[in-house]
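Worksheet: the structure to be examined is printed underneath.
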Amino acid sequence: GAVVSQHPSWVICKSGTSVKIECRSLDFQATTMFWYRQFPKQSLMLMATSNEGSKATYEQGVEKDKFLINHASLTLSTLTVTSAHPEDSSFYICSARAGTSGRETQYFGPGTRLLVL
Amino acid sequence: RKEVEQDPGPFNVPEGATVAFNCTYSNSASQSFFWYRQDCRKEPKLLMSVYSSGNEDGRFTAQLNRASQYISLLIRDSKLSDSATYLCVVNRDDKIIFGKGTRLHILP
């Protein structure tokens with residue numbers, strides 16, 4: 001299947017710093033990527049849909065000024081957690097769709113664990 | 001009511017047994033369906049797509065019932081390595097909707 005990478009795989013930072021997470025589609029182009037967050041023992045929560053060349057679409061309750069998304073190319077989307085606080089500590093996962101229309105499949109990156117101290 | 005609903009479990013099943021999960025979806029406009037598995041502290045991985053005709057991959061069988069709006073996953077001869085959370089995923093328009101997942105524990 002298609003491969004999606006994320007970098008870094010884990011981050012520990014001090015409260016107030018900004019953290020940038022990269023999501024790359026390695027062997028296909030993705031006009032749309034998705035960013036999720038997952039707290040321990042909870043389900044995946046979609047944060048935003050990242051669209052290449054245009055603004056991201058955020059889910060209700062997700063602050064767009066806090067979680068900056070940039071989808072500058074067909075293979076790269078970035079999520080920046082600005083002024084991170086301990087409550088932002090979570091598992092952040094990106095995904096991208098691959099395949100033909102009607103038979104598209106979602107492939108996930110390996111995730112980034114963020115711990116804010 | 002959530003758009004995709006699953007029994008959260010956990011299902012505690014002895015090794016070698018057959019286990020079945022169901023998932024219901026509320027929007028009849030849903031177009032495609034998938035089962036993913038997620039291991040603890042890992043990302044979800046695609047297990048199989050679900051087609052109207054049903055599909056089988058080794059010990060795993062997935063079925064879709066559009067009239068009743070449910071999807072099922074059957075695991076035969078369960079292995080310890082099958083222990084995971086199984087996520088039902090529905091694609092509607094451009095949205096991907098996840099169920100909360102069903103936890104499966106295979107007991108030795």
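A, B, ... follow the sequence lines: proteins, then strands. Residue 1 opens every chain.
Within the 4.5 angstrom heavy-atom criterion, only side-chain atoms of A:F91, from C-beta onward, approach chain B. Neither the backbone nor the side chain of B:R103 comes within contact range of chain A; no heavy atom of the residue lies under 4.5 Å from a heavy atom of that chain. Heavy atoms closer than 4.5 Å to chain A are found in both the backbone and the side chain of B:K100.
Chosen from B:P44, B:C40, B:G99, B:S49, the residue pairing most often with chain A at heavy-atom distances under 4.5 Å is B:P44. Contact count against chain B (heavy-atom pairs under 4.5 Å) is highest for A:G109 among A:P40, A:S95, A:G111, A:G109.
Enclosure of atom CZ in A:F28 by more than 12 non-hydrogen atoms of other residues, nucleotides or ligands within 6.0 angstrom is indicated. Annotation: B:K2, atom NZ; neighbour count of heavy atoms from other residues, nucleotides and ligands within 6.0 Å does not exceed 12. Atom CE of B:M48 has more than 12 neighbouring heavy atoms from other residues, nucleotides or ligands inside a 6.0 Å radius. For A:H7, the NE2 atom sits in a loose shell: 12 or fewer heavy atoms of surrounding residues, nucleotides or ligands are nearer than 6.0 Å.
Close placement of the B:F98 and A:F108 rings is indicated, their centers lying within 6.0 Å of each other.
Side-chain contact check for A:Q6 and B:E43: no donor-acceptor pair (N or O, by modelled atom type) lies under 3.5 Å.
There is a path of hydrophobic side-chain contacts, each under 4.5 Å, that joins B:I97 to B:Y25. When the side chains of ILVMFWY residues are joined at heavy-atom separations under 4.5 Å, either directly or via intervening members, B:L80 and B:I75 end up in a single hydrophobic cluster. Both B:L47 and B:L64 are part of a single hydrophobic cluster, where members link through side-chain heavy atoms under 4.5 Å apart.
Side chain of B:Y36 to backbone of A:Q106: a donor-acceptor contact under 3.5 angstrom is found.
Rounding to the nearest 0.5 Å places CG of A:L44 at 6.5 Å from CG of B:L87.
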**Message:** The test is side-chain contact (heavy atoms from CB on, under 4.5 Å); show your working for A:I93 and B:Q38 and say whether it passes.
**Reply:** CA-CA 12 Å; A:I93 311 175; B:Q38 186 176 22; 4.3 Å; yes
